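Here the structure comes first, spelled out in structure tokens, and everything after it is commentary.
FYI, the numbering just counts along the sequence from 1. These numbers were taken from a predicted model, which means no experiment stands behind them.
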Amino acid sequence: MTTSSAATAKKRADALRSDIRRHEELYYVYDTPEISDAEFDALMRELSALEAAHPELVTPESPTQRVGGRPADGFDTAEHVVPMLSLENAYSADELREFHARTCRALDLPEDAALTYICELKIDGLSIALTYERGVLVRGVTRGDGERGEVVTSNARVIRSIPLRLKKPAPPVEIRGEVFLPRREFERMNEEREAAEEAPFANPRNAAAGAIRMLDARLVDKRGLRAYTYQIVPREGDHADRESHADALKTLTEWGCPVEPHWAECAGIEAVIAYCDRWHTERKTLAFDIDGVVVKLNDLALREKLGATAKFPRWATAYKFPTEQARTRLVKIDVNVGRTGRVTPFAVLEPVWLSGTTVGMATLHNEQEIARRDIREGDTVIIEKGGEIIPKVIGPVLDEEHAARPKWQMPRQCPFCQSVLAKPDEEVIWRCENVSCPARIRRGLLHFASRRALDIEGLGEAVVDQLVTKGLVRDYADLYHLEADAVAELDRMGKKSAANLIERIEKSKSAGLARVLYGIGIRHVGEGGASALARAFGSMDALKAASQDQLEVVPDVGPVVAASVREFLDQPRNVELLNKLAAAGVNLTAPMTALAIEPQTLAGKTIVLTGTLPTMTREA
């Protein structure tokens, strides 16, 4: 390679990295993309090809290096340079005023002094400390116990809002922030978990905490985590003249770090209270969950003077929004039967207004949870919305009649088909094992027709209920034999609606193997697993012939999923269903990634590097 061609390749690689990082910021930080996903992928492909042709151009901070490598065996721990302290909480305007009064007294100022505070939205996520050396991300550590945390560098690298290299030169520095899951990603993840018969996460914070601790960064990448940064912890060599927290937030923005844009400089505690009141009302307009407001003294010199206790900085507090709860009577505990037979109890309530909606039902999770909380039919119960989304029963309000009410027990027969329910000893979930159960068929059809599966618009709950009740549909394949005249006779359909539905069902035949695999509802197979299987095998016939070992080597498919897929495909009634779908003209093929199931030379091997490198740290 000539000197000129090397220089040209380096110049193009640098330009591509700059463009890609800019588009990552626009998409993952500001939600204002300028190019399509296809155009972004084209830039990544060009950079990957360029680096493959010129390996000497590959750098640790290149966007092509965000995801890679085998899953980690576990996480090391590391000590924080400066402890990551908790914040003392305030729950009312009066407690905010008392925080201000304490601050003034400690600074020998009159209690009506108009100190300047920075107010930031308190994102419901988990804290992370990011270390940059020579402007390059070299370490990510969770908060842990405040003194030590888990080293999750590989997972931090795949969070697209976190820069791998700072935009401007900076001394060695630790930047702290909050990792969170946007609400839309949380809802998508829970849809996938429910489709795979896994328990949904209670709130986005739990989902984010679980994701950041996953051992395979490739799986973390698919979770859709985001991050905002809020603090610079200076290290030796940082001689910046930052005098305020506002200066630090502006510096973070200049470095290309994501900063939540709704922060405000408030002159005096009454302005702080007004900010908190505003966001208590407006928080639902955000794309992510917040549970309060963080209030920090702006002046860094005054912060230094105030110091900290063993647990809390004296110059900050967290105002927590009051959790909205309501009391109502639990009329009845009923059960739902899911498409795979999972039987789940729920509460039927006297309707009550809560967080902007009328709530008439709430989740009860499982039989063990009902017993643990001693919830009984007829109780007055306290309910709240978990993560502002899912109504849940917190527990009963004990009264004199509570003990006299009978304890609830899971029914031993399916309420929809009267089959005997079963519960393996090692599980907490009861199941209806009758594959012809009308409830299972209804739920299965709704999932099969959902947007991320076969995407059959118009096949909603009311239509599905009538199709099953009238015996027109007994499995997914029957959909493709429906006639418009029969559908037109259903309530609220008519000839035009029926024709439209038949047209959408016909269109769904071309959805492809990945969507069919997701739609038919194999236990533990979510949207990502279905896509991986479709890419790896290319056709349903190839998938049927695959051994469990071949299934397990597919990226994103482990032993549990592989065993579930093999079990599903070994059942004659499922094979019969797949054959009926094929005979109806449903496309059961997909483009195949040939390398996915070929033997991999390095699979299962551990490579250990010893010694040192002159230009790279051991961790990098």
Side-chain angles (χ1 to χ4, degrees), residues 60-61 65-87 123-166 170-181 201 204-223 225-238 257-258 308-313 316 318 558 606-613 616-620:
E61 69 273 16
Q65 305 301 301
R66 280 195 184 271
V67 187
R70 67 183 183 88
D73 295 325
F75 294 117
D76 293 331
T77 61
E79 188 172 351
H80 295 298
V81 177
V82 175
M84 295 184 76
L85 301 177
S86 301
L87 291 174
I123 299 168
D124 198 13
L126 71 152
S127 299
I128 194 166
L130 305 166
T131 300
Y132 287 83
E133 293 180 359
R134 298 184 297 278
V136 176
L137 177 65
V138 296
R139 193 175 78 167
V141 182
T142 64
R143 181 182 178 276
D145 62 4
E147 298 287 341
R148 299 184 68 85
E150 294 173 306
V151 180
V152 292
T153 309
S154 59
N155 291 350
R157 288 174 60 84
V158 303
I159 300 173
R160 303 301 173 116
S161 50
I162 294 176
L164 299 178
R165 175 184 283 278
L166 302 179
V173 67
E174 182 179 292
I175 296 171
R176 292 181 177 173
E178 196 81 359
V179 174
F180 65 96
L181 195 67
F201 286 110
R205 187 192 185 284
N206 288 358
I212 200 67
R213 293 183 176 89
M214 296 177 77
L215 296 178
D216 190 340
R218 293 168 299 184
L219 299 180
V220 180
D221 185 39
K222 294 182 178 181
R223 288 293 176 94
L225 294 174
R226 301 286 192 275
Y228 281 125
T229 57
Y230 56 75
Q231 183 182 1
I232 298 172
V233 181
R235 292 171 60 182
E236 186 178 352
D238 184 2
C257 296
T309 69
K311 291 185 177 180
F312 312 116
T606 300
I607 298 173
V608 179
L609 300 181
T610 62
T612 60
L613 294 171
M616 191 178 296
T617 66
R618 184 184 183 88
E619 186 174 84

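Formation of a donor-acceptor pair under 3.5 Å by the N155 side chain with backbone atoms of M214 is found in this model. Using a distance-only test at 3.5 Å, with no hydrogens or angles considered, a donor-acceptor pair links the side chain of T142 to the main chain of E150.
The two atoms that bring P163 and L137 nearest to each other are O-CB, 4.1 Å, heavy atoms only. Pairing each heavy atom of I123 with each of Y228, the nearest pair is CD1-CD1, 3.3 Å. Annotation for L87 and P313: closest pair CD2-CG, 3.8 Å, computed over non-hydrogen atoms. The minimum heavy-atom distance between S161 and A227, with the atom names listed, is OG-N, 3.0 Å. Nearest heavy-atom pair, C257 versus L166, reported as atom, atom and distance to 0.1 Å: SG-CD2, 3.7 Å. Between L225 and A211, the shortest heavy-atom distance links the atoms CD1-CB, 3.9 Å.
In this structure, OG1 in T229 is found 8.5 Å from CD1 in I162, a value given to the nearest 0.5 Å. Between atom CZ of residue R160 and atom CZ of residue R226 there is a gap of 9.5 Å, rounded to the nearest 0.5 Å. I128 contributes atom CD1, which lies 13.5 Å from atom CZ of R143 (distance to the nearest 0.5 angstrom).
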Please tabulate, for side-chain N and O atoms in residues 171-181, each donor-acceptor pair with protein atoms closer than 3.5 Å (sequence neighbours left out).
from : atom 1 : to   : atom 2 : distance (Å)
E174 : OE2    : R176 : NE     : 2.6
E174 : OE2    : R176 : NH2    : 2.8
R176 : NH1    : P83  : O      : 3.4
R176 : NH2    : V82  : O      : 2.3
E178 : OE1    : S127 : OG     : 3.1
E178 : OE2    : G125 : N      : 3.4
E178 : OE2    : L126 : N      : 3.2

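Every residue meeting the side-chain contact (heavy atoms from CB on, under 4.5 Å) condition with T77, not counting sequence neighbours, appears here in chain and number order: R148. Among residues two or more places apart in sequence or in another chain, the side-chain hydrogen bond (donor to acceptor under 3.5 Å, both in side chains) test is passed with R205 by none. Scanning for salt bridge (charged side-chain N to carboxylate O under 4.0 Å, His left out) contacts around R165 gives E61, with sequence neighbours left out. By the side-chain hydrogen bond (donor to acceptor under 3.5 Å, both in side chains) test, Q231 pairs with no residue at all, sequence neighbours left out.
Side-chain contact between I159 and I212 is present, with heavy atoms from C-beta onward closer than 4.5 Å.
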